[in-house]
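Basis for what follows: all heavy atoms, side chains included, without hydrogens, waters or symmetry-related copies.
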Amino acid sequence: MKKFGGSAHDDLTTDKDRSCDPARRDFLQQAAAIGAGAALYSVPLVSSAQSSEPALQKVLNDSVAAGRFPFVIGMTGKASGVTFAGAAGDAAPGMKAAPDTVLKIFSMTKGVGSTAAMILVEQGKMDFDTPVQDVLPEFAEIRVLEGWDGDKPKMRAPKVKATARHLATHTSGLEYEFWRGEVAEYLDKTKRPSVLAGTKAAMFYPMMTDPGTRWGYGPSVDWLGLMVEKISGQRIDAFLKQNLFEPLGMKDTDVEVRPHMQGRLAGVKARGEDGKFGDYALAPPSNPEVYGMGHSLYSTTQDYMRFLRMFLNKGALDGNRVLKESSVARMLENHMGPLKFEKMVTVVPPVTADFNPFEGTTKTHSFGFLRNEADIPGRRRAGSQSWAGVLNTHFWFDPTADLAGLITTQTLPFVEPPFMAAYEAFEKAAYGNA
């Protein structure tokens, strides 16, 4: 059974060994060594003016047959309901993939955590520009990493205070070690664990830039989740259950794999140097000190579609309102000002490829999601929102076209070309352009 190790990479904690924290060097050594049936499942569908079910299912079938991934689940929907639900391949030995297959969604958690913060903004309990340290005084301990004096980091105070908006838009200066080598070096030399180790001490990454000066992908939303906890007086999982999961009917979304979910949990695969997939034990830490809103959730494709359809329906689903229409509109605006999304360049290729979606077009960030600022021919429209989880669980929702889509599996590397080719084909088919 393959597994990652490494104190700088505890987001890749193994299922059997969540409590250990081996040296980051071991992780890099192991990472360097990495180098089908189909079925349409019974999910209630609403009619579509131009049915693309055959084309969508064909993308899933053909992609599994071509070895792009061992299994895949695809779903599309609009405000009024699901328009397509299909799957191909085996999610685990003897278990066909299905819309209710339980997945480790990792960074798809971020949109949920940001929505939790938006609920408090709507209630007037916090603001987009609330300084983080005003709610969490310990955040003031975080400094900007300027360089090194031998093995000692050279740090300085940030020039401005980071705000909730900075956290939600990844402009706080906090960046992940997978896409910023200096952070990996800092964690290694200071013997600090990854934020995804699940401890409060692991939250204290250095800033790489001053808040509000650069888009840099990192653990910001974990801190945003702590703000929600402090302001609401509830642990984040309880807040989510009360304010999002129960109202939206997301019965299979949780910070832990509950007994009713266990038999539907998908396995994880990593592509080896020979191009074939092998088993890979990988999960967020169970029962941690902190449930990080950057990575902690398990969910299903059909549950997450309910979350996306809430946005298409301007804050409500099946008669249950979680946000006002005006709050949804504010949340989905560009919250970065003149800043733009910047290409994510991998530091650990076996874990992730580079990521620069729709190269040559402008992308910003809303209070929760990547935001496209231009129409993509044959695909999503300007104002569309999207993101993904490291195990290649991807989504988008397009308010202009009243269309949401998910294409999900459980594989590494993240955004590798074979997966992204399938994603493009699936999205084009969803818009009737297969």
Side-chain angles (χ1 to χ4, degrees), residues 6-12 24 27-28 31 106-107 109-111 113-114 132-133 139-148 153-197 201-226 290 292-295 335-337 339-349 351-357 363-365 368-370 387-390 413-415:
S7 59
H9 299 278
D10 280 336
D11 56 326
L12 300 180
R24 178 174 172 271
F27 163 80
L28 295 174
F106 281 97
S107 286
T109 304
K110 290 179 169 67
S114 296
V132 184
Q133 67 188 60
F139 190 84
E141 299 173 21
I142 295 177
R143 298 287 188 265
V144 179
L145 177 64
E146 287 200 308
W148 294 89
K154 295 169 62 177
M155 314 292 286
R156 66 167 173 83
K159 296 177 181 177
V160 298
K161 293 180 180 180
T163 65
R165 192 194 308 265
H166 292 140
L167 296 179
T169 58
H170 297 286
T171 57
S172 69
L174 301 175
E175 300 191 35
Y176 281 134
E177 60 271 33
F178 299 109
W179 290 281
R180 192 70 183 244
E182 299 96 318
V183 178
E185 182 181 14
Y186 175 87
L187 297 181
D188 188 32
K189 288 183 176 179
T190 60
K191 308 303 180 187
R192 289 180 176 270
S194 164
V195 65
L196 301 173
M203 300 284 287
F204 293 86
Y205 274 42
M207 292 176 181
M208 301 309 299
T209 53
D210 286 296
T213 61
R214 164 186 151 85
W215 190 92
Y217 189 50
S220 295
V221 182
D222 296 274
W223 281 100
L224 189 62
L226 290 184
V290 175
M293 283 296 95
H295 64 280
H335 280 263
M336 294 175 66
L339 297 179
K340 302 294 184 289
F341 168 89
E342 297 192 23
K343 180 180 180 180
M344 298 162 63
V345 179
T346 184
V347 176
V348 190
V351 175
T352 177
D354 294 346
F355 187 47
N356 190 18
K363 283 86 61 180
T364 61
H365 212 280
F369 310 98
L370 185 71
W387 203 237
V390 71
F414 177 59
V415 296

Visitor: Under the criterion side-chain contact (heavy atoms from CB on, under 4.5 Å), which of Glu146, Glu175, Met155 is the partner of Pro206?
Guide: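 Per the side-chain contact (heavy atoms from CB on, under 4.5 Å) rule, the option paired with Pro206 is Met155, out of Glu146, Glu175, Met155.
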Visitor: Kindly write out the residues that satisfy side chain to side chain contact (heavy atoms under 4.5 Å, CB included) with Leu370, not counting sequence neighbours, or none if the list is empty.
Guide: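 Leu370 satisfies side chain to side chain contact (heavy atoms under 4.5 Å, CB included) with Phe341, Pro357, Lys363, Ser386, Trp387 once adjacent residues are dropped.
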Visitor: Looking at every heavy atom in both Ala140 and Gln133, which two are closest together, and how far apart are they?
Guide: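 For Ala140 versus Gln133, the nearest heavy atoms are CB-OE1, 3.7 Å.
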Visitor: Could you report the tightest heavy-atom contact between Val132 and Ala164, atom names first, then the distance?
Guide: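 For Val132 and Ala164, the tightest heavy-atom pair comes out as CG2-N, 4.2 Å.
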Visitor: Report yes or no: does Trp179 contribute a side-chain atom to a donor-acceptor pair with the main-chain N or O of Val347 at less than 3.5 Å?
Guide: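 Here the side-chain-to-backbone pair does not exist.
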Visitor: Just checking Tyr217 against His170, ring centres under 6.0 Å apart?
Guide: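 Centroid separation for Tyr217 and His170: below 6.0 Å.
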Visitor: Kindly give the heavy-atom pair with the smallest separation between Ala388 and Ser107, and that separation in Å.
Guide: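 That would be O-CB, 3.2 Å.
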Visitor: Taking the side chain from Thr213 and the backbone from Thr209, do they hold a donor-acceptor pair closer than 3.5 Å?
Guide: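 Here the side-chain-to-backbone pair does not exist.
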Visitor: What are the two closest heavy atoms between Phe369 and Gly111, and how far apart are they?
Guide: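 Minimum heavy-atom contact is CE2-CA, 3.7 Å.
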Visitor: Any chance the side chains of Thr346 and Thr352 put a donor and an acceptor closer than 3.5 Å?
Guide: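 The answer is no; no qualifying pair exists.
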Visitor: Measure across Ala202 and Ala197 and return the closest heavy-atom pair with its distance rounded to 0.1 Å.
Guide: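 Nearest heavy atoms, Ala202 then Ala197: CB-CB, 4.3 Å.
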Visitor: Could you walk me through whether Thr171 and Met336 pass the side-chain contact (heavy atoms from CB on, under 4.5 Å) check?
Guide: CA-CA 8 Å; Thr171 57; Met336 294 175 66; 4.1 Å; yes
Visitor: Are there more than 12 heavy atoms of other residues, nucleotides or ligands under 6.0 Å from atom NZ of Lys189?
Guide: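 Check passes, neighbour count above 12.
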Visitor: Compute the centroid of each ring, for Trp223 and then for Tyr205, and state whether the two points are separated by less than 6.0 Å.
Guide: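 No, the ring centres sit 6.0 Å or more apart.
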Visitor: Are Met203 and Leu226 close enough that some pair of their side-chain heavy atoms sits under 4.5 Å apart?
Guide: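 They are in contact (side-chain heavy atoms under 4.5 Å apart), so the answer is yes.
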Visitor: Considering only heavy atoms from C-beta outward, does the side chain of Ser114 approach that of Val221 to under 4.5 Å?
Guide: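 Of all side-chain heavy-atom pairs linking Val221 with Ser114, at least one is under 4.5 Å.
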Visitor: Residues in salt bridge (charged side-chain N to carboxylate O under 4.0 Å, His left out) with Arg143, at least two apart?
Guide: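 Arg143 satisfies salt bridge (charged side-chain N to carboxylate O under 4.0 Å, His left out) with no residue once adjacent residues are dropped.
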Visitor: So, do Ile142 and Phe204 sit near enough that their side-chain heavy atoms are less than 4.5 Å apart?
Guide: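 SC-SC contact between Ile142 and Phe204 confirmed.
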Visitor: Return yes if some donor-acceptor pair links the side-chain N/O of Asp210 with the main-chain N/O of Pro158 below 3.5 Å, else return no.
Guide: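 No, because the side chain of Asp210 does not come within donor-acceptor range (under 3.5 Å) of the backbone of Pro158.
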Visitor: Are any side-chain N or O atoms of Thr109 and backbone N or O atoms of Phe106, one a donor and one an acceptor, separated by less than 3.5 Å?
Guide: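 Between the backbone of Phe106 and the side chain of Thr109 there is a qualifying donor-acceptor contact (under 3.5 Å).
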Visitor: I want to check something: taking the side chain as every heavy atom from C-beta on, are Trp215 and His365 in contact at a cut-off of under 4.5 Å?
Guide: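 Yes, their side chains come closer than 4.5 Å.
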Visitor: Minimum heavy-atom separation for Gly294 to Asp222, with atom names?
Guide: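 Scanning both residues, the minimum pair turns out to be N-OD1, 3.3 Å.
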Visitor: Can you list the residues that meet the salt bridge (charged side-chain N to carboxylate O under 4.0 Å, His left out) rule with Lys154, with sequence neighbours excluded?
Guide: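 Partners of Lys154 under the salt bridge (charged side-chain N to carboxylate O under 4.0 Å, His left out) test: none.
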Visitor: Does the side chain of Glu342 reach to within under 4.5 Å of the side chain of Arg214, using non-hydrogen atoms?
Guide: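 Heavy-atom side-chain distance check passes, below 4.5 Å.
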Visitor: Would you indicate whether the side-chain heavy atoms of Phe139 and Lys161 approach each other to under 4.5 Å?
Guide: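 Not in contact.
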Visitor: Enter the distance from Arg165:CZ to Ser172:OG here, rounded to the nearest 0.5 Å.
Guide: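 Taking CZ in Arg165 and OG in Ser172, the distance rounds to 14.0 Å.
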